[in-house]
Amino acid sequence: MSESDATTASAANTTAAGASAAARQALLAMPKAELHLHIEGTLEPELALELAQRNGVQLPWNSLDDLRSQYSFENLQSFLDLYYQLMAVLRTADDFRDLMLAYLERASADGVRHAEIFFDPQVHLDNGLDFDMVVDGLLEGLRIGGERYGISGGLILSIVRDKPVESAQQVLDLAERRAEELLGIGLDSAEVGYPPSLFEECFARARSMGLHCVAHAGEEGPADYVTQALDLLHAERIDHGVHAIDSSELTARLAYDRIALTMCPLSNRRLQVVGDLHDLPIRRFLDRGVAVTVNSDDPAYFGGYIGANYQALADIGFSFDELEGFAKNSISHSFADEERKHQLLKELNDWQQDIPAKR
Ligand code: HPA
Ligand code: ZN
């Protein structure tokens, strides 16, 4: 089947109600990288209650239904309140290892071949945990998961921007000895009122430690925060970046400098960054030449892992070719070494050769 035949077949299989069942299934098998995933955001409510019981942590919710009733969010802050509260159940290195393994199992089922994973050490330190214990548990999970599922990847230490800057510096003191075991530094949590400029020194220090730099910007904050993340933090990718669309100068810069956006459709809908998935400016970013990737952010909270995010975009009319483009971007904008990128791009290419019949 020629490429144009395949496109026609794809269109024929796509109904007004969304992508075909075969196409939705094929999207799960498509090799991809996940570049925006908070490991604490993979804590499913069932596991949260199990860990609470195992670790003797008191939560205000006694049953799964009770806890589940908390998962409706008005904005970023209302999600963060629950997300930070549930993190208290994570107490041991085994908890962090098991959380990582549970994520990697799900990610593998969704075609993830490489994952760059945020963690929030300041919150765990505030909960009385040891930095090295947290890192050891997560790295052990990554190592076992790497052997089990063939997924490569690493950890991005994320600065919680609404905590004091000194606490970010303290985390960097702890991270310095282990910088070679980390992939990068990130910036997350409540955005408005906590501009990237506050963290210029932290990021300069992280860069001197050899860490890659990324930052959440333009999720609820303005386009100017994205510009600050580029100018002051030297961010190599922008996490979310939705409001970058408000500045044509900025989108031209993102396109020219090949700075990818790690977008998270289901997250943006659930946190009411947009009223509807159709309101996401993804197509406008593509028209302006900005590289978009698709990710899950905090899948246990937002109703789906990465595969569901790709499927949601298929359902609102993104073509198979466009979705393949997002997967390709995810690999080429990852921090994997060139050999691994080459290998994964080949996997994606081999998969594409086999796919027309499944579209
Ligand atoms: N935005 C900001 N902080 C976060 C997020 C997010 O989407 N997820 C976890 N921490
Ligand atoms: Zn995020």
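When a ligand or atom number is given, it counts from 1 through the structure's own listing order. For this chain, numbers begin at 1 and follow the sequence in order.
Considering backbone and side-chain atoms together, H36 places no N or O closer than 3.5 Å to any N or O of ligand 1. The shortest N or O to N or O distance between E219 and ligand 1 is under 3.5 Å. In terms of polar-atom proximity, defined here as any N/O pair under 3.5 Å, Y84 makes no such contact with ligand 1. Checking only distances, S189 does come within under 3.5 Å of ligand 1, N or O to N or O.
Residue H240 places a heavy atom under 4.0 Å from ligand 1. In this structure, Y83 is part of the shell of residues with a heavy atom less than 4.0 angstrom from ligand 1.
Near L76, meaning under 4.0 Å from one of its heavy atoms, ligand 1 places the atoms 1 (N), 2 (C), 6 (C). Heavy-atom contacts of F79 reach the following atoms of ligand 1: 8 (N), 9 (C) (cutoff under 4.0 Å). Taking every heavy atom of H216 and a limit of under 4.0 angstrom, the matching atoms of ligand 1 come to 1 (N), 2 (C), 6 (C).
For the pair NE2 of H216 and NE2 of H36, the angle whose vertex sits at the Zn ion (ligand 2) is 90° to 10 degrees.
Summary of contacts: the protein heavy atom closest to atom 7 (O) of ligand 1 is D297 OD2, 2.7 Å. Taking atom 8 (N) of ligand 1 as the reference point, the nearest protein heavy-atom neighbour is D298 OD2, 2.7 Å. Of all protein heavy atoms, the one lying nearest to atom 10 (N) of ligand 1 is H38 CE1, 3.6 Å.
Note on R143 versus D136: no salt bridge recorded, every NZ/NE/NH1/NH2 to OD/OE distance being 4.0 Å or above. A salt bridge is absent between R148 and E105: the closest approach of a Lys/Arg side-chain nitrogen to an acidic carboxylate oxygen does not fall below 4.0 angstrom. With salt bridges taken as basic N to acidic carboxylate O contacts below 4.0 Å, one links R68 and E46. Ion pairing of R161 with D188 is absent here, as no side-chain N (NZ or NE/NH1/NH2) approaches a carboxylate O to less than 4.0 Å. Ion pairing between a basic and an acidic side chain is recognised when a charged N comes within 4.0 Å of a carboxylate O; D337 and K341 show no such pairing.
Taking 2.8 Å as the threshold, D297 counts as a candidate ligand of the Zn ion (ligand 2), since one of its N, O or S atoms lies below it. The Zn ion (ligand 2) has no N, O or S atom of C264 closer than 2.8 Å. Taking backbone and side chain together, H240 holds no N, O or S atom under 2.8 Å from the Zn ion (ligand 2).
Remark: the N309 side chain and the S296 side chain contain no N/O donor-acceptor pair separated by less than 3.5 Å. Side-chain polar atoms of Y83 and D120 form a donor-acceptor pair below 3.5 angstrom. No side-chain N or O of D81 forms a donor-acceptor pair with one of Q85 less than 3.5 Å apart.
At least one side-chain heavy atom of Y305 sits under 4.5 Å from a side-chain heavy atom of Y103. F118 has its side chain within reach of H36: a pair of non-hydrogen atoms, C-beta onward, lies under 4.5 Å apart.
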